[in-house]
Amino acid sequence: MERRFTAEIDPSMAGEKATLVGWVHEIRDLGGITFLILRDREGFAQVTLPKKRVEAELLGIVKHISRESVIRVTGTIKEDERAPGGYEILPHEIRVLSYADSPLPLDPTGKVKAELDTRLDSRFMDLRRPEVLAIFKIRSYVLDTIRNFFKEHGFIEINTPKIVATATEGGTALFPITYFNREAFLSQSPQLFKQIMMSAGFDRVWEIAPIFRAEEHDTTRHLNEATSIDIEASFMDYEDVMRILEDLIARVYESVKRECEKELSDLDIRIEVPDTPFRRITYTEAIDLLKSTDNPEFSELVWGDDLSASCEHELGRLIGEHYFITDWPTDSKPYYTQPAENPEISLSFDLMHPRMELASGSERIHDLDLLISRIDAMGLNPDSFEFYLRAFKFGIPPHSGWGLGLERLLMTMLGLENIREAVLFPRDMRRLSP
RNA sequence: GCCCGGGUAGUGUAGUGGCCCAUCAUGGAGCCCUGUCGAGGCUUCGACUCGGGUUCGAAUCCCGACCUGGGCGCCA
């Protein structure tokens with residue numbers, strides 16, 4: 001008999017036979033009647049064993065089965081108001097497919113909380129919990145939504161190498177690896193390659209892929225392996241790609257709110273779709289805004305300073321929703337960022353959630369001489385960017401783009417405390433397995 | 001990398017020098033119980049991260065190692 005998910009059964013199917021497979025979530029033995037709660041990916045089903053109406057052999061199996069064992073149950077569906085979901089299964093056959101050892105490394109019913117570190121050590125079991133599973137069902141759904149969005153907007157999906165010869169932007173620390181007998185690095189960003197694709201004439205491209213950062217940051221919002229959602233688009237200015245970004249964010253929120261009701265309720269959260277367009281403030285306005293607060297912490301700020309975490313938090317408090325900080329000082333952005341008419345300022349932006357930065361992007365330099373002089377000015381050697389710079393020599397359109405952190409998007413949308421909760425098997429300074 | 005916390009049964013915790021061969025919950029084993037849904041009741045099992053030191057006496061104080069939580073810096 002074909003097996004079904006628990007969610008595929010309802011009280012109207014009373015009298016039919018059904019086969020369910022899943023994990024033993026709980027057993028409640030009341031003496032004359034025993035309830036076994038079976039859990040699968042989609043939910044729960046109650047298997048009811050009244051002592052007088054069920055074979056002694058089945059009671060024997062249930063008596064000695066352990067929690068979290070995998071079983072197959074075949075039985076009759078019975079409508080009963082007293083059962084959760086309005087139905088229960090009266091079993092004819094119960095097979096133990098895999099016996100679970102004891103004690104369990106953590107409690108999948110969630111009655112006893114476990115710390116994140118404990119949960120990650122036994123992630124296979126942590127992921128059995130419906131509210132943890134819900135995060136990853138939503139993650140999968142968000143990726144679907146993003147894919148559809150890009151397809152509708154005429155973007156081509158690309159895949160760029162993750163093993164690279166040179167640093168992309170010079171600033172951040174990279175993981176060195178051995179590539180045969182040469183030194184190589186794990187890619188920190190697809191930036192250079194997606195720009196080369198503009199020279200290739202692909203016009204609009206997107207990629208969702210891992211990025212690797214060797215920074216020794218140890219916080220609830222950093223990962224050493226993260227997922228970056230990247231686009232690059234020709235003949236677009238930075239306003240154009242900002243509009244794409246805010247529309248994408250709004251679309252993701254809207255779709256998740258509409259299509260992931262069960263998952264949001266498993267997580268016990270509600271989400272608000274942000275209004276577009278998002279508020280835009282320039283970097284200069286942000287500095288002035290901070291200085292106008294009474295907080296002495298910000299009175300020393302001068303134009304050109306980076307915005308610290310407490311600056312971001314204060315702006316988040318003042319603005320209270322998604323916003324862009326635009327027109328950053330040219331020197332605080334990467335070399336490929338297009339300067340404005342006033343060369344001190346760049347055509348760049350960061351997308352902010354009140355809790356943290358989600359994305360950054362800009363209009364790019366497409367003039368080769370200017371690009372070389374900017375690389376120079378940043379103290380980098382243009383010779384090591386030869387493969388990149390060649391693409392600017394033979395006709396490259398003006399273009400703009402951005403990169404968005406998938407885990408940060410999920411974390412802020414779902415109100416997760418720690419970014420590690422948005423990754424199946426997170427990689428950070430301390431954690432390399434599982 | 002810098003600053004500040006913390007490591008007690010499988011899990012989550014109480015205990016800050018003797019009251020502790022260590023509290024409570026959950027869990028395991030066993031018994032009772034025919035409508036549970038955090039089932040209930042009874043019995044029982046299971047722990048002070050490691051090494052060194054102070055002290056008559058250390059889970060408790062000190063030092064080191066390892067592990068770990070938070071903040072900052074940097075970033076997405």
Side-chain angles (χ1 to χ4, degrees), chain A residues 25-37 39 44-54 59 63-64 66-68 78 80-86 88 100-122 125-126 168-169 171-173 188-191 209-230 245 297 306-313 332-334 350-353 355-361 402-412 417-420 422 428-431:
Chain A
H25 189 68
E26 280 182 288
I27 297 172
R28 285 188 280 271
D29 180 358
L30 273 63
I33 188 167
T34 300
F35 301 100
L36 183 154
I37 309 300
R39 185 191 69 243
F44 300 95
Q46 175 166 288
V47 179
T48 305
L49 300 99
K51 199 172 194 171
K52 288 179 182 164
R53 292 170 52 198
V54 94
L59 285 170
K63 180 105 185 154
H64 293 104
S66 57
R67 290 196 315 154
E68 294 304 314
K78 178 173 169 259
D80 195 316
E81 284 183 346
R82 295 169 297 186
E88 59 194 12
D101 208 347
S102 174
L104 300 170
L106 48 83
D107 172 19
T109 67
K111 273 182 256 182
V112 182
K113 295 258 175 294
E115 286 182 21
L116 185 59
D117 193 58
T118 307
R119 292 170 47 200
L120 293 175
D121 281 342
S122 300
M125 185 150 294
D126 184 47
T168 309
E169 300 171 21
T172 195
Q188 60 155 137
S189 154
Q191 183 63 30
I211 55 171
F212 305 92
R213 307 269 164 109
E215 298 289 344
E216 294 185 347
H217 36 43
D218 188 13
T219 76
T220 54
R221 56 184 187 283
H222 287 96
L223 294 164
N224 292 292
E225 177 177 348
T227 309
S228 182
I229 302 161
D230 270 273
L245 179 52
E297 191 187 337
D306 275 332
L307 297 181
S308 67
S310 64
C311 293
E312 288 182 2
H313 292 151
S332 63
K333 287 289 171 186
D350 282 1
L351 170 64
M352 308 297 298
H353 178 275
R355 286 176 71 189
M356 71 189 79
E357 181 184 344
L358 296 182
S360 68
W402 45 253
L404 165 68
L406 173 63
E407 287 82 13
R408 287 193 172 184
L409 174 62
L410 287 164
M411 180 186 183
T412 50
E417 290 295 320
N418 195 310
I419 197 164
R420 291 162 181 81
D428 60 41
M429 264 176 82
R430 290 163 170 157
R431 186 171 289 279

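The chains referred to below are lettered A, B, ... by the order of the sequence lines, with proteins before strands, and numbering in each begins at 1.
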A:Val112 side chain: which of B:C33, B:U11, B:A76 is closest? B:U11
Write down the distance separating the P atoms in B:U8 and B:G12, rounded off to the nearest Å. 8 Å
Minimum-distance nucleotide to A:Arg221 side chain [options: B:G70, B:U26, B:C72]: B:C72
side-chain N/O A:Arg28 vs B:G38 OP1/OP2, d < 4.0 Å: no
Determine the Euclidean distance between corresponding P atoms of B:G7 and B:U60; express it in Å to zero decimal places. 10 Å
Closest-nucleotide mapping onto RNA chain B: is A:Thr48 or A:Pro103 further toward the 5' terminus? I mean the 5' end. A:Pro103
Within the 4.0 Å heavy-atom criterion, would you say A:Ser228 contacts the bases, only the backbone, or no part of the nucleic acid? nothing
Taking only the side-chain heavy atoms of A:Asp107 (C-beta and beyond), determine which of B:U26, B:G35, B:G27 contains the nearest atom. B:U26
Rounded to the nearest angstrom, tell me the gap between atom NZ in A:Lys333 and atom P in B:A76. 7 Å
Would you indicate, yes or no, if B:U13 has its OP1 or OP2 atom less than 4.0 angstrom from a side-chain nitrogen or oxygen of A:Lys111? no
Taking atom types as modelled, is there a side-chain donor on A:His313 or A:Ser310 under 3.5 Å from an acceptor on the other? no
Contact class for A:Gly31 (heavy atom, under 4.0 Å): base, sugar-phosphate, or nothing? base
Between B:G35, B:A39, B:U68, which one does the side chain of A:Gln46 approach most closely? B:G35
Looking only at atom types and distance, does a side-chain atom of A:Arg213 sit under 3.5 Å from a main-chain N or O of A:Gln188, one as donor and one as acceptor? yes
Starting at CE of A:Met125 and ending at C1' of B:G10, how long is that distance when rounded to a whole Å? 11 Å
Looking at every strand, decide which applies to A:Pro50 at a 4.0 Å heavy-atom threshold: base, sugar-phosphate, or nothing. nothing
Examine B:G10: is either OP1 or OP2 under 4.0 Å from a nitrogen or oxygen in the side chain of A:Ser102? Give yes or no. no
Across the strands shown, which category fits A:Glu417 at heavy-atom distances under 4.0 angstrom: base, sugar-phosphate, nothing? nothing
Between A:Asp29 and A:Lys51 (salt bridge meaning N to carboxylate O under 4.0 Å), is one present in this structure? no
Check the distance between B:A76's P and A:His222's NE2 and give it to me in whole angstrom. 9 Å
Can you tell me if A:Arg119 touches the phosphate of B:G10, counting only side-chain N or O atoms and a distance under 4.0 Å to OP1 or OP2? no
Step by step, work out the side chain to side chain contact (heavy atoms under 4.5 Å, CB included) result for A:Leu30 and A:Thr34. CA-CA 6 Å; A:Leu30 273 63; A:Thr34 300; over 6 Å; no
Check every strand shown and say whether A:Ala309 touches a base, only sugar-phosphate, or nothing at a heavy-atom separation below 4.0 Å. sugar-phosphate
When the C1' atoms of B:U13 and B:C32 are compared, how many Å lie between them, rounded to an integer? 30 Å
NA contact type, A:Ser308, heavy-atom cut-off 4.0 Å: base, sugar-phosphate, or nothing? sugar-phosphate
Does A:Arg430 put a side-chain nitrogen or oxygen below 4.0 Å from OP1 or OP2 of B:U68? yes
Please report, rounded to the nearest Å, how far the P atom of B:G28 is from the CZ atom of A:Arg67. 5 Å
So, is A:Ser189 near the phosphate of B:A76, with a side-chain N or O under 4.0 Å from OP1 or OP2? no
Using 4.0 Å as the upper bound for N to carboxylate O, is an ion pair formed by A:Lys113 and A:Asp107? no
Taking only the C1' atom of each, what is the distance from B:U49 to B:C72 in whole angstrom? 28 Å
Would you kindly give the CE-to-P distance between A:Met429 and B:G70, to the nearest whole Å? 13 Å
Nearest-nucleotide check on RNA chain B, A:Thr220 vs A:Arg53; residue mapping nearer the 5' end is A:Arg53
Quick one: label A:Leu358 by what it contacts on the DNA or RNA (base, sugar-phosphate, nothing), any heavy atom closer than 4.0 Å. sugar-phosphate
What nucleotide among B:G30, B:C33, B:G35 has an atom nearest to a side-chain atom of A:His64? B:G30
Between A:Glu225 and A:Ile211, is there a donor-acceptor pair closer than 3.5 Å when you use the side chain of the first and the backbone of the second? no
Verify whether one side chain among A:Glu26 and A:Thr109 offers a donor that lies under 3.5 Å from an acceptor in the other. no
Looking only at atom C1', what distance separates B:G51 and B:A9, rounded to whole Å? 23 Å
Are any of the side-chain nitrogens in A:Arg221 or A:Glu417 under 4.0 Å away from the carboxylate oxygens of its partner? no
Paired and unpaired positions of RNA chain B as dot-bracket, Watson-Crick or G-U wobble under 3.5 Å, | denoting a partner strand: (((((((..(((.....[.....)))((((((.......))))))...(((((..]....))))))))))))....
Base B:U11 to side chain A:Glu115, donor-acceptor N/O within 3.5 Å cut-off: no
Rounded to the nearest Å, what distance is computed from the CE atom of residue A:Met356 to the P atom of nucleotide B:C75? 16 Å
By the 4.0 Å heavy-atom rule, please label A:Ser310 as base, sugar-phosphate, or nothing. nothing
Just checking A:Lys51: base, sugar-phosphate only, or nothing, at a heavy-atom cut-off of under 4.0 Å? nothing
Using the P atoms only, state how far B:A25 lies from B:C19, rounded to an integer number of Å. 22 Å
To the nearest angstrom, the CG-C1' distance between A:Leu410 and B:A76 comes to 13 Å
Separation of B:C33 atom P from A:Phe35 atom CZ, nearest Å, is 16 Å
Does A:Arg408 make a side-chain donor-acceptor contact with the base of B:C75, cut-off 3.5 Å? yes
With a 4.5 Å heavy-atom cut-off, do A:Val47 and A:Glu88 have their side chains touching? no
Measuring from A:Met429:CE to A:Thr219:OG1, what's the distance to the nearest 0.5 Å? 11.0 Å
Provide the distance between the two C1' atoms, one in B:G70 and one in B:U23, to the nearest whole Å. 27 Å
With a 4.0 Å cut-off on N to O distance, would you call A:Asp428 and A:Arg430 a salt bridge? no
Taking A:Ala100's backbone N and O only, do any of them form a donor-acceptor pair with A:Ser66's side chain (distance below 3.5 Å, no angle check)? yes
B:G17 versus B:G10 - spacing of their P atoms, nearest Å: 27 Å
Counting just side-chain N and O atoms, does A:Lys52 come under 4.0 Å of either OP1 or OP2 of B:U34? no
The side chain of A:Arg82 lies closest to which of these nucleotides: B:G35, B:G69, B:G71? B:G35
Touch check for A:Ile211, heavy atoms < 4.0 angstrom, all strands: base, sugar-phosphate only, or nothing? nothing
Just to be sure I understand the rule, does A:Asp306 reach a base, reach only the sugar-phosphate, or reach nothing, if contact means heavy atoms closer than 4.0 Å? sugar-phosphate
Need one value for A:Glu225: base, sugar-phosphate or nothing, where a base atom within 4.0 Å counts as base even if backbone is also close, heavy atoms only. nothing
